[in-house]
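Contents: one structure, followed by commentary.
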Amino acid sequence: MSFLEVRDLEVHFPIRGGFFNTIQDYVRAVDGVNFTIEEGKTYGLIGESGSGKTTIGKAIVGLENPTSGQILYNGQPVNKKSQRRRLNYNQDVQMIFQDVLSSLDPKKRVRDIIAEPIRNYDKLSTEEELNKIKELLDIVSMPDDALYKYPHEFSGGQRQRIGVARAMAVNPKLIVADEPVSALDLSVQAQVLNFMKEIQRDFNLSYLFISHDLGVVKHMCDYIYIMYRGRFVECGTKEDIYLNPLHIYTKKLMAAIPEINAQIRDELRIRRLEVEEEYRKLEHLYYDEQGKVYDLLPVTDTHFVAIKDEGGLNYVENHIA
């Protein structure tokens with residue numbers, strides 16, 4: 001059952017210039033996207049830097065104001081909620097940031113960092129608050145002595161765990177995770193991702209997982225949205241995306257996945273050349289004359305691709321490997 005719905009979301013940023021610093025144009029960071037989030041599921045937003053994925057995440061948690069469109073929570077527009085209901089939404093939807101060190105106050109000990117959101121939404125005694133913080137540290141496999149340390153005293157993986165504990169402090173239903181492991185070593189990435197999945201199972205959490213790494217997303221996500229130029233170019237289950245990628249941009253991302261195995265690496269190099277050739281011949285099927293991504297068309301009940309028309313979709317399905 002879906003509890004959060006994004007309808008026709010647009011976020012545009014003005015470009016100013018001239019003698020009077022007037023608005024000359026707009027950057028369409030998000031240019032009309034639609035999706036829903038269900039309980040206990042993980043959704044991936046994938047794309048290069050500047051594709052608009054982080055802007056969507058910030059709009060959902062209230063750090064960016066939509067230019068138009070709606071974000072619905074349990075069927076009600078978020079921007080029209082009463083103050084009390086808005087507070088409930090802010091409690092239910094939390095964010096983990098890419099640069100976790102900059103999001104943790106360096107002058108505060110871990111106890112106060114985790115306590116901050118608790119104090120915003122709960123009235124607990126000092127003892128109750130301390131016990132809850134200890135429980136949160138235990139959930140993310142951090143020792144009690146972390147309570148009285150500062151962020152700089154921890155490794156990157158440990159700081160990310162502290163960020164998760166802070167996000168979990170108010171019992172959220174959805175966590176927006178913006179590149180949560182991109183700065184970590186591969187072995188540490190695996191540890192953090194696995195414990196995030198464990199927490200999800202234990203607490204029936206939903207994740208909106210923002211990343212540029214298709215390998216990480218394949219490990220984490222149930223449903224994937226591929227984003228380019230502020231729009232979705234393809235979306236589907238992870239099986240749809242990995243077994244039957246149809247949009248040229250998705251294919252480029254797939255062919256660019258790093259690979260240690262030399263034989264597979266050579267295969268990917270050949271695949272990249274094939275994708276570039278397809279792009280040169282069939283660019284008009286994927287983007288209009290102004291370079292805008294077309295609207296999504298259904299391939300199956302779960303798989304959608306942005307392409308010119310049904311004829312273009314049929315051609316890509318039948319003629320392009």
Side-chain angles (χ1 to χ4, degrees), residues 1-4 35-45 57 60-61 73-74 87-98 100 103-104 110-111 113-122 124 127-147 151 154-182 184 186-211 213 215-224 237-239:
M1 178 180 178
S2 62
F3 65 91
L4 189 139
F35 63 96
T36 59
I37 291 177
E38 297 183 2
E39 293 181 359
K41 301 291 186 181
T42 300
Y43 298 81
L45 283 181
I60 287 174
V61 299
Y73 185 65
N74 293 327
L87 285 173
N88 290 339
Y89 175 80
N90 291 343
Q91 181 176 354
D92 287 344
V93 180
Q94 294 290 307
M95 190 166 190
I96 301 171
F97 294 91
Q98 177 179 4
V100 69
S103 70
L104 303 177
V110 167
R111 172 177 176 168
I113 288 171
I114 299 176
E116 186 175 4
I118 297 174
R119 293 166 185 168
N120 288 336
Y121 297 102
D122 291 322
L124 303 180
E127 183 179 359
E128 290 172 332
E129 179 185 279
L130 180 59
N131 288 336
K132 182 166 186 176
I133 294 170
K134 287 181 177 179
E135 289 175 7
L136 289 163
L137 288 176
D138 183 60
I139 288 171
V140 299
S141 301
M142 292 289 288
D144 284 354
D145 62 7
L147 282 165
F154 299 95
S155 68
Q158 290 173 320
R159 286 195 292 264
Q160 202 60 273
R161 289 171 184 262
I162 294 168
V164 173
R166 182 177 62 179
M168 292 287 295
V170 291
N171 304 314
K173 294 181 178 179
L174 168 67
I175 290 180
V176 178
D178 184 11
E179 301 274 12
V181 296
S182 62
L184 305 179
L186 289 178
S187 60
V188 181
Q189 281 188 16
Q191 294 173 16
V192 172
L193 294 175
N194 287 333
F195 98 77
M196 287 181 71
K197 295 185 79 168
E198 291 173 9
I199 290 171
Q200 181 177 42
R201 287 193 296 268
D202 292 342
F203 296 92
N204 197 34
L205 278 172
S206 298
Y207 288 128
L208 181 62
F209 203 91
I210 299 169
S211 181
D213 189 330
V216 168
V217 168
K218 183 179 182 181
H219 177 70
M220 287 295 294
C221 298
D222 302 296
Y223 203 84
I224 296 172
T237 65
K238 64 180 176 183
E239 292 79 13

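Given the structure is predicted, the values throughout are model-derived calculations rather than measurements. No hydrogens, no waters, no symmetry mates; every other heavy atom, side chains included, goes into these values.
The nearest pair of heavy atoms linking Tyr89 to Ile60 is OH-O, 2.5 Å. Across all non-hydrogen atoms, the minimal contact from Gln189 to Val216 is OE1-CG2, 3.8 Å. Taking every heavy atom of both residues into account, Gly40 and Asn204 meet most closely at CA-OD1, 3.4 Å. Shown here for Leu205 and Pro172, the closest heavy-atom pair between the two residues is CD2-O, 3.2 Å. Annotation for Ile96 and Ala167: closest pair CG1-CB, 4.0 Å, computed over non-hydrogen atoms. Arg159 approaches Pro151 most closely through the heavy-atom pair CD-O, 3.3 Å.
Taking 4.5 Å as the limit, some side-chain heavy atom of Asn131 sits within range of a side-chain heavy atom of Glu127. A 4.5 Å side-chain heavy-atom check between Asp92 and Phe3 finds every atom pair outside the cut-off. Here the side chains of Lys238 and Val217 are not in contact, with every heavy-atom distance at 4.5 Å or above. Between Tyr43 and Phe209 the shortest side-chain heavy-atom distance does not fall below 4.5 Å. Side-chain contact between Ile114 and Leu137: present, with at least one pair of heavy atoms (C-beta onward) separated by less than 4.5 Å. Residues Glu128 and Asp122 are not in side-chain contact: their nearest non-hydrogen atoms beyond the backbone lie 4.5 Å or more apart. With contacts defined as side-chain heavy-atom distances shorter than 4.5 Å, the pair Ile118/Ile133 qualifies. By the 4.5 Å heavy-atom criterion applied to side chains, Gln94 and Met168 are not counted as neighbours.
Between the side chain of Tyr73 and the backbone N or O of Asn88, no donor-acceptor pair lies under 3.5 Å. Looking at Asp222, its side chain does come within 3.5 Å of a backbone N or O of Thr42 through a donor-acceptor pair.
For Lys218, the NZ atom counts as loosely surrounded, since its 6.0 Å shell holds 12 or fewer non-hydrogen atoms of other residues, nucleotides or ligands.
For the atom pair NZ (Lys41) and SG (Cys221), the distance works out to 12.0 Å, reported to the nearest 0.5 Å. Rounding to the nearest 0.5 Å gives a distance of 11.0 Å between CD of Glu198 and CZ of Phe203. The line from CD of Glu39 to NZ of Lys173 is 6.5 Å long, rounded to the nearest 0.5 Å. Taking NZ of Lys134 as the reference point, atom CZ of Arg111 lies at 8.5 Å (rounded to 0.5 Å). The line from CG of Asp178 to CD1 of Ile210 is 4.5 Å long, rounded to the nearest 0.5 Å. Considering CD of Gln91 and CG of Asn120, their distance stands at 10.0 Å, rounded to 0.5 Å.
The ring-ring contact (aromatic ring centres under 6.0 Å, His included) check on Tyr223 picks up Tyr225, with sequence neighbours excluded. Every side chain to side chain contact (heavy atoms under 4.5 Å, CB included) that Lys197 has, sequence neighbours left out, goes to Arg201, His219, Met220.
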Can you list the steps and then say if Leu124 with Leu130 is a side-chain contact (heavy atoms from CB on, under 4.5 Å)?
-> CA-CA 9 Å; Leu124 303 180; Leu130 180 59; over 6 Å; no
